[in-house]
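Naming: A, B, ... by sequence-line order, numbering from 1 per chain. Since we're looking at a predicted model, the values are computed, not measured.
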Amino acid sequence: MDERELITRVRAGDGAAERALYDAHVDRVYRLAYRLAGDDALAQDFTQETFIRAFGKLDTFRGDSAFSTWLHTITTTVVLNGLRKVKRFHQRETNIDAAHAVGVTRREAEPDLKARLKQAIDALPTGYRTVFLMHDVEGYTHEEIGVALGVETGTSKAQLSRARAKLRVALADFAGEWTT
Amino acid sequence: MMHDHEDPKFDTWLKGQAESYHTPSPTPREEMWQRIVAERRRRSERVVELRPWLRWTLAAAAVLAIGIGIGRWTAHQPRPVNGTPIATNDAAANPDFVYQVAATQYLSRTEAFLTGFRADLRSGTNNARLASQARDLLNTTRLMLDSPAANDPRMRALLEDLELVLVQISQLQALPGRGVHDTDLITQGMDKSNVLPKLRSAIPAGPVPVRTEGAS
């Protein structure tokens, strides 16, 4: 069954079709939510809210773009608004995680690099960080990112370029890693 | 065209390294699906659940409207030369009055719940009941956040803190394997943000400044 038919059945109240649509997209939504939130409970909360909203307003999906593009627009809205709300709490979580990470990373192969990379990505402005994670880590195209974030494709490219430039400066101590 | 600051070697290396940033665990799809189904059902029933709240709010709003009406009507009457002073109407004087009262009642309920939450943890009360109560309060918290009661920055900050705590508690049922760790995190979070002291200081001392239904 193609996705258009699936969506028609969901609109008609078919529960099995809802589940099929969910199964087809949940991995990508959850992965993006997790990458941006860095916390399993938050990622689950955002993923749930994304699907609840998507099912609730499926009648407004006109099919001008792919369903996945429309869904990722909802995902980024839910996640970014949610993260704004939980910023203070998230900071506490990050501190706790960082405290745990110190103990863990000492036993790993490249403890400083991983810690510094995390710190550098966390320090990026929200827009840069979102574009970087969507493009370089989760493999979204600039077109998809542009639609999801409501920005021009060129803006997405520019933000990615600036994000990489900032990360290169932040990780300059490890230049030997990529120049050799 | 390649810009001066671009470095393809770095970009390739970075992509590989960044894979380790916030690496997602396997998608808990079944668990999330069950919660989505339950939450959608609950939201569709919310109108029924909120009836007492809506009735109360509408009644209070009606009292407020009548008060304003009387106030305006009396303001247009000729002033008595030696008449008694016209009484002012608190509700008409402060349009946010209804919301402040609702906020006070809500804060009292939340304080009672969070105080009980700590005690319940020690006595090993099951998480499902706590999660259910937290969800109810979470709904009200979100309504409060969207109401004029949240216009005050301090109240908004408090409501946002409470929302976070209640979200965490409402998740307890769904994550049974992480119970102890999660409850520890919640109580640590509450301690660090001083939620309970802030909550208590936000509740005005003395009776709520409105006559409740049935009061003489």
A.B. asks: Set out, in order, the CA-CA distance, both residues' side-chain angles and the distance that settles side-chain contact (heavy atoms from CB on, under 4.5 Å) for B:T27 and A:Y34, then state yes or no.
C.D. replies: CA-CA 10 Å; B:T27 310; A:Y34 197 104; over 6 Å; no
A.B. asks: What is the minimum heavy-atom distance between A:L167 and B:F10, and which atoms define it?
C.D. replies: C-CZ, 3.8 Å
A.B. asks: Does a side-chain N-to-carboxylate-O contact under 4.0 Å join A:D27 and B:R29?
C.D. replies: yes
A.B. asks: Between A:E49 and chain B, with a heavy-atom cut-off of 4.5 Å, which part of the residue counts as in contact: side chain, backbone, both or neither?
C.D. replies: side chain
A.B. asks: Looking only at heavy atoms, what is the nearest atom pair of B:W13 and A:L113, with distance?
C.D. replies: CH2-CD1, 3.6 Å
A.B. asks: Any side-chain to backbone donor/acceptor pair from A:R35 onto B:E19? Under 3.5 Å, distance only.
C.D. replies: yes
A.B. asks: From the options A:R129, A:K118, A:K114, select the one residue that forms a side-chain hydrogen bond (donor to acceptor under 3.5 Å, both in side chains) with B:Y21.
C.D. replies: A:R129
A.B. asks: In terms of heavy-atom proximity below 4.5 Å to chain A, should B:T23 be classed as side chain, backbone, both, or neither?
C.D. replies: both
A.B. asks: Could you tell me the separation between the CG atom of B:D11 and the CZ atom of A:R164, rounded to the nearest 0.5 Å?
C.D. replies: 4.0 Å
A.B. asks: For A:E152, look at atom CD and say whether over 12 heavy atoms of other residues, nucleotides or ligands are found less than 6.0 Å away.
C.D. replies: no
A.B. asks: Hey, are A:E177 and B:K9 close enough for a salt bridge, meaning a charged N less than 4.0 Å from a carboxylate O?
C.D. replies: no
A.B. asks: With a 4.5 Å cut-off on side-chain heavy atoms, are B:L14 and A:L117 touching?
C.D. replies: yes
A.B. asks: Under 4.5 Å heavy-atom distance to chain A, tell me which part of B:V37 shows up: side chain, backbone, both or neither.
C.D. replies: neither
A.B. asks: Could you report the tightest heavy-atom contact between A:Q44 and B:M32, atom names first, then the distance?
C.D. replies: CA-SD, 3.7 Å
A.B. asks: Could you report the tightest heavy-atom contact between B:S25 and A:D40, atom names first, then the distance?
C.D. replies: OG-OD1, 3.6 Å
A.B. asks: Once you round to the nearest 0.5 Å, how far does CZ of B:R40 lie from CD1 of A:I52?
C.D. replies: 7.5 Å
A.B. asks: How far does OG1 of A:T47 sit from CZ of B:R35, to the nearest 0.5 angstrom?
C.D. replies: 9.5 Å
A.B. asks: Which heavy atom in A:R19 sits nearest to a heavy atom in B:W33, and how many Å separate them?
C.D. replies: NH1-CD1, 3.1 Å
A.B. asks: Count the heavy-atom pairs under 4.5 Å between each of B:S20, B:P28, B:G16 and chain A, then report the option with the highest count.
C.D. replies: B:P28
